[in-house]
Amino acid sequence: MRNLSILSAIRQAPAAEAGNDASSPSAAPMAAYDVCQVGVVLRAVLFVEALLAVLALFSATGPADWLGLLAMLTGGALPATLLWLVGLCALHRRMGNWRPAWQQVAGAGMGALAGLYGCGMLRLTGAISTAPWLASALAGVMFALVAMGWLVLRARGHMPADTAARLEDLQSRIRPHFLFNTLNSAIALVRAEPAKAETLLEDLSELFRQALADPRESVTLADEIGLAERYLAIEQIRFGDRLRIRWDLDVKAGSARVPPLLLQPLVENAVKHGVEPSAQGGRLRVRTERRGPRVVIEVINTLPPLAWAEQPLPRGHGIALANVRDRLRLLHDVQAQFRAGPDQDHYRVRIDIPAPAEA
């Protein structure tokens with residue numbers, strides 16, 4: 001029998017969190033300077049284009065002249081911006097071991113090189129007759145410092161939201177009646193089926209261990225599937241034949257990164273709103289699939305019969321779904337897609353996230 005001590009997991013949490021605290025001076029820049037996300041690249045490019053459009057207005061004599069000047073500036077600034085983003089993306093993990101001051105110096109240095117590269121591009125194409133090397137280098141440094149400052153502020157702004165999302169998820173998941181029902185089921189099984197009672201308590205212990213002591217920013221989808229299986233194993237004992245579960249899992253999707261404790265609230269919602277209110281029970285399907293550069297996750301449950309009486313079936317407030325959506329946005333930004341809603345006689349939750357690069 002595995003160790004069922006929940007308190008031991010809680011005692012280990014501070015030590016783990018100390019090494020992964022995103023608010024520490026060394027960890028925050030490392031997380032902030034991760035520009036390898038599509039959303040960050042898109043925002044940087046749009047910011048540069050907007051800035052160039054305003055600068056072009058100072059010298060343009062008309063709309064046609066403004067468009068030509070903007071195209072010329074874009075030919076030098078856009079490749080330089082992308083070069084800086086690629087360089088910072090390639091070095092951000094190594095930069096995590098440096099002091100914050102050296103990280104800023106490295107970013108500014110790459111900005112100067114990117115500015116010189118953009119100036120050289122304009123000079124080689126004949127767009128400008130005289131290359132302002134010093135001005136271009138200083139412009140690259142200023143852009144790098146502004147961009148890095150924005151990235152740090154963005155990361156700091158995400159930290160309270162991520163913390164609040166974790167607390168809401170913890171509070172919504174460790175519900176007293178779920179704990180009491182599980183313990184009552186275990187008590188009923190102790191004498192009749194001790195092995196099943198032992199397995200039930202192990203699953204419950206693992207759920208609490210993950211809920212109270214997992215400080216990681218992300219986990220693999222395979223880990224989340226395993227946690228959801230433990231939760232549904234507990235509910236299977238409670239509902240018996242009323243709960244019918246189908247797993248359609250793609251092994252290739254298991255390495256995708258997701259926020260911790262993401263899938264369990266979804267299957268809990270499915271059981272609570274799809275199976276529990278129905279006297280006949282219901283069906284629950286969990287599906288994962290890798291489609292090229294994307295991973296699709298679906299949680300589908302049957303809906304209970306329509307209540308034609310005066311009192312309709314109770315509906316949730318959507319807190320768990322909003323929590324999942326927010327945490328996906330924090331991890332994958334615009335690359336994550338989340339959809340939830342009725343689909344004929346089923347309720348479907350669909351998540352699309354980027355697949356990890358194949359080895």
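- Side-chain contact between T81 and F143 is present, with heavy atoms from C-beta onward closer than 4.5 Å.
- The minimum heavy-atom distance between Q103 and M148, with the atom names listed, is O-CE, 3.4 Å.
- Using a 4.5 Å cut-off on side-chain heavy atoms (C-beta onward), V267 and N269 make no contact.
- Closest approach of A56 and L69 over heavy atoms only: O-CD2, 3.6 Å.
- Nearest heavy atoms, V299 versus L263: CG2-CD1, 3.7 Å.
- Put simply, the side chain of H273 never gets that close to the backbone of P304: no donor and acceptor are under 3.5 Å apart.
- Rounding to the nearest 0.5 Å places CZ of R291 at 7.5 Å from CG of D352.
- More than 12 heavy atoms of other shown residues, nucleotides or ligands fall within 6.0 angstrom of atom CH2 in W247.
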- Message: I'd like to know whether V45 forms a side chain to side chain contact (heavy atoms under 4.5 Å, CB included) with L82, so could you lay out the CA-CA distance, the side-chain angles of the two residues, the decisive distance to 0.1 Å, and finally the verdict.
- Response: CA-CA 8 Å; V45 170; L82 295 176; 4.0 Å; yes
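- When the side-chain hydrogen bond (donor to acceptor under 3.5 Å, both in side chains) test is applied to Q335, no partner is found at least two apart in sequence or on another chain.
- Heavy atoms only, all atoms of each residue included: L262 and P259 are closest at CB-O, 3.2 Å.
- Side-chain contact check for L221 versus V295: some heavy-atom pair is nearer than 4.5 Å.
- For M110 against W84, the heavy-atom pair with the smallest separation is C-CD1, 3.5 Å.
- Both M72 and L57 are assigned to one and the same hydrophobic cluster, defined by single-linkage of ILVMFWY side chains at heavy-atom distances under 4.5 Å.
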- Query: Can E298 and V286 be said to form a side chain to side chain contact (heavy atoms under 4.5 Å, CB included), step by step?
  - Reply: CA-CA 6 Å; E298 286 189 332; V286 179; over 6 Å; no
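- Using a 4.5 Å cut-off on side-chain heavy atoms (C-beta onward), R327 and P260 make contact.
- Looking only at distances, a side-chain donor or acceptor of R242 sits under 3.5 Å from a matching main-chain atom of S278.
- No continuous path of hydrophobic side-chain contacts links L113 to L83 [ILVMFWY only; heavy atoms under 4.5 Å].
- With R287 contributing its side chain and D248 its backbone, the two residues share no donor-acceptor pair below 3.5 Å.
- Minimum heavy-atom separation, L85 to A44: CD1-CB, 4.0 Å.
- Taking NE2 from H332 and CD1 from I353, the interatomic distance works out to 4.5 Å, rounded to the nearest 0.5 Å.
- Note on V105: it does not cluster hydrophobically with V141, by side-chain heavy-atom contacts below 4.5 Å among ILVMFWY residues.
- Residues R246 and R244 form no side-chain contact, since every pair of their non-hydrogen atoms from C-beta on lies 4.5 Å or further apart.
- Environment of CZ in R350: crowded, with over 12 heavy atoms of neighbouring residues, nucleotides or ligands closer than 6.0 Å.
- The structure places CG of L321 at 6.5 Å from CG of L266, a figure rounded to the nearest 0.5 Å.
- The CG atom of D326 lies 13.0 Å from the CG atom of L331; values are rounded to the nearest 0.5 Å.
- Side-chain contact check for V296 versus T288: every heavy-atom pair is 4.5 Å or farther apart.
- Here the OH atom belonging to Y347 is positioned 14.0 Å from the CG atom belonging to L284, to the nearest 0.5 angstrom.
- Hydrophobic clustering (side-chain heavy atoms under 4.5 Å, transitive across Ile, Leu, Val, Met, Phe, Trp, Tyr) keeps V146 apart from L78.
- Identified under the side-chain hydrogen bond (donor to acceptor under 3.5 Å, both in side chains) test for residues 50-68, with sequence neighbours left out: T61-D65.
- Under the 3.5 Å distance criterion, the side-chain polar atoms of D250 are matched with a main-chain donor or acceptor of R290.
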Which donor-acceptor pairs under 3.5 Å do the side chains of residues 115-127 make with protein atoms, sequence neighbours left out?
unit_1	atom_1	unit_2	atom_2	d
R123	NE	S129	O	3.3
T125	OG1	M121	O	2.9
T125	OG1	L122	O	3.1

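- The pair D343-R348 meets the salt-bridge criterion, since a charged nitrogen lies less than 4.0 angstrom from a carboxylate oxygen.
- By the criterion of side-chain heavy atoms lying less than 4.5 angstrom apart, applied directly or through intervening Ile, Leu, Val, Met, Phe, Trp or Tyr residues, V349 is grouped together with L303 in one hydrophobic cluster.
- Atom CD of E268 sits about 7.0 Å away from atom NZ of K272, to the nearest 0.5 Å.
- Residues T302 and V275 are not in side-chain contact: their nearest non-hydrogen atoms beyond the backbone lie 4.5 Å or more apart.
- Contact annotation: the side chain of N301 never approaches that of R285 to less than 4.5 Å [non-hydrogen atoms, C-beta and beyond].
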